[in-house]
Amino acid sequence: MFGLIIKDFKNVFGMMIYYLILLALFLTITLLSDNIYFYIGAVVFFTISVPLSALAYDEKDNWDKFALAAGVSRNQLAVSRYLLALAVLFPLWLISFLLLLAEDLRSYENLSVVLMYGGISLLSTEIVLPLVFRIGTEKARLLYIIVILAVLVLGGLFAAWVETIGGMSVLIASLCILAVGIVGFFISMKISCSIYRHKDF
Amino acid sequence: MENAIYVAGLYKQFSGFALQNVGFCVPKGSVVGFIGENGAGKSTTIKSILGLVNPDGGKIEVFGKAAPSLLREDKNKIGAVLGETCLPENLNIKDIDGVMRHIFENWNSSVFFAYADRFSLPREKKVKEFSRGMQQKLSLAVALSHGAELLILDEPTSGLDPVARDEILDILYDFMQDEEHSVLISSHIVSDLEKLCDYILFIHGGKVIFEEEKDSLREKYGVLKCTAEQFAELDPSAVVAYHRGEFGMSALVLREKYRGEQALETANIEDVMLYYARGERV
C-alpha cells in the first residue's frame with residue numbers, strides 16, 4: 001500500500017508546483033481578506049483533484065494491470081486512492097485550523113466552516129471516486145466539475161446561513177456534516193472495493 | 001511432472017468473443033510459447049492467470065495453488081510483462097526502484113540497476129521519454145529483479161529490433177538455467193519462440209488447438225506442395241488444412257497418415273499456425 005502512495009506522489013510531483021502556487025494564492029487571499037472560504041474551498045479542490053490526477057496517470061500507464069499482476073490486491077488498489085485523498089486532506093485541513101489562530105479569523109463561525117468543509121471534502125471524494133472507478137477518469141471529468149460547482153453553491157448558501165444564524169447551532173450542523181463525511185467515507189470505500197472486485201483489466 | 005501453471009476448462013465471455021474450454025499446462029522448468037493471431041485469446045488467457053480478468057468458469061492453478069487464492073508472496077514469484085509498459089511514465093529508473101522496493105518483498109535494487117545498465121537505460125530520463133524498445137526492456141528488467149520463478153510474458157519482444165530481441169532471448173536463456181524456473185511467453189515472432197521454447201501452445205478463436213512439444217511438431221506435421229489431382233488422391237484424414245494457389249495446392253498433413261509419394265517439406269511453427277488459422281478444411 002505504501003508503495004502505491006509513493007508512486008502516486010512521485011507521479012503527480014510534476015504538478016506539485018502548480019498546486020503549491022494555487023495553494024499559496026488562496027492562502028494569501030484568505031489572510032488578506034480575513035475570509036476563510038477562499039482557503040477552505042481550495043482544500044476541497046485539492047482533495048479531489050490530486051487523487052484524480054494520479055488516477056488519470058494510472059489509467060494512461062495501465063498501472064492497475066501491473067499492480068494486480070505484482071500481487072497488489074484489488075481492495076488495496078481501491079483503498080490506496082482514498083488514502084491518497086486523506087494524505088492530501090489532512091495536512092491542508094490542519095493548516096486551516098492553524099489559520100483559526102489568527103486573531104481576525106478566530107470565531108465559532110469560522111471553526112464551523114472549517115469543520116463543515118472537512119466533511120464536504122470527504123463527501124466530494126466519496127462521491128467522485130466510485131464513479132471514476134466505474135466509468136473512468138475521462139468520462140468522470142464532467143461529474144468532477146459538477147461536484148466542484150455544487151460545493152461552491154453550497155458553500156455560498158452555508159456562508160449566508162452562518163451570517164444569519166451563527167453560534168452553536170451552526171457548529172453542531174458542521175459536526176453532523178463532518179460525521180456524515182466520515183461514515184460515508186467507509187461506505188464509499190466498500191462500494192469502490194466491490195467495483196474493483198468485479199472489474200476486468 | 002509438477003506444473004508451474006495449470007489451466008483447465010477456462011471460460012470467459014466478452015461481447016463478440018469468448019475463451020472456450022481453454023486448457024493447458026506449463027511444466028516446471030520449461031518454456032511454453034503461446035501463439036495465435038491477434039484476438040485469438042492469448043492476452044485474455046494471460047490476464048486470467050494473473051488475476052486481471054475474472055473468468056466465468058474453469059480452473060487456474062499457479063505453483064499448485066488456485067489462482068484466486070494466491071497470496072502476495074506467491075504473486076511476487078511471478079514476473080510479468082504485459083505487452084504495454086504498464087509502469088508510471090512520469091518516473092525515472094531511480095523512482096521506479098524506489099516504488100518497486102515497496103511492491104515486491106524480494107526486490108533487488110542491485111539486480112535491477114545491473115539490468116538497467118545492461119540494457120543501456122538512462123537513470124535520469126523519465127520512462128515516457130524512452131523508446132518503445134527501451135520501455136519493453138525496462139518491463140523485463142522489473143520482471144527479473146524480484147526473484148521470480150515464473151515469467152509470464154505477453155509479447156515481450158514486440159517493437160524491438162532483431163539485436164534487442166536477441167539480447168532479450170539471451171536473458172531468458174540465462175533465466176532458464178535454473179531448473180525451477182518456468183516461462184509462458186506469447187509472441188507473434190515465431191522465430192523467437194522456435195529458438196527458446198520447449199512446448200508450443202496454439203490458440204485460435206478462443207480455443208486451444210494444440211499444446212505440443214516443439215520438436216514433435218516437425219515430426220508430426222509436414223507441408224505438401226502438389227497439384228489438385230494429387231491432392232484429390234490424398235487420404236482426407238491426413239490433411240489438417242490446405243491452401244489452393246494459382247499454380248497448385250499446398251497442405252499441412254499429418255506425417256503419420258500420409259501415404260503419398262511426394263516428399264513433404266518441414267513444417268515450422270509458423271506454417272502450422274497459418275494452416276490452422278487460415279487454411280481450408282477438407
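The analysis underlying the following values was restricted to heavy atoms, covering all of them including side chains, and did not include hydrogens, waters or symmetry mates. In this text the structure is predicted, and so the values were computed from the model without any measurement. Throughout, a chain's letter reflects where its sequence line sits, starting with A, and its residues are numbered from 1.
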*asked:* At under 4.5 Å between heavy atoms, what parts of residues 44-60 of chain B are in contact with chain A? List them by residue number.
replied: B/K47, B/L50, B/G51, B/L52, B/V53, B/N54
*If you count heavy-atom pairs under 4.5 Å between each of B/M100, B/R101, B/E73 and chain A, which one has the most?*
B/M100
*Any B/P88 side-chain heavy atom under 4.5 Å of A/W63 side chain*: yes
*Would you mind checking which part of A/K60 comes under 4.5 Å of any heavy atom in chain B, side chain (CB onward), backbone (N, CA, C, O), both or neither?*
side chain
*Of the backbone (N, CA, C, O) and the side chain (C-beta and beyond), which part of A/R197 lies under 4.5 Å from a heavy atom of chain B, both, or neither?*
backbone
What part of [X] gets closer than 4.5 Å to chain A, counting heavy atoms only: side chain, backbone, both or neither?
X     : answer
B/V81 : neither
B/L87 : both
B/E89 : both

Take a 6.0 Å sphere around [atom1] of [X] and say whether it holds more than 12 heavy atoms from other residues, nucleotides or ligands.
X      : atom1 : result
B/Y173 : OH    : yes
B/E2   : CD    : no
B/Y6   : OH    : no
A/F97  : CZ    : yes
B/K207 : NZ    : no
B/R72  : CZ    : yes
A/L101 : CG    : yes
A/F186 : CZ    : no

Where is the tightest heavy-atom contact between [X] and [Y], given as atom of each residue plus distance?
X      : Y     : value
B/C86  : A/F66 : O-CB, 3.2 Å
B/H102 : A/G3  : CB-CA, 3.4 Å
B/L82  : A/A69 : CD1-CB, 4.3 Å

*B/N90 side chain to A/K10 backbone, donor-acceptor under 3.5 Å*: no
*Kindly compute the distance separating CD1 (B/I103) from NZ (A/K7), expressed to the nearest 0.5 Å.*
8.0 Å
*Would you mind checking if A/D200 and B/K12 are paired as a salt bridge, meaning a charged N to carboxylate O distance below 4.0 Å?*
yes
*Considering only heavy atoms and a distance below 4.5 Å, find which of A/L68, A/D58, A/N11 pairs most often with chain B.*
A/N11
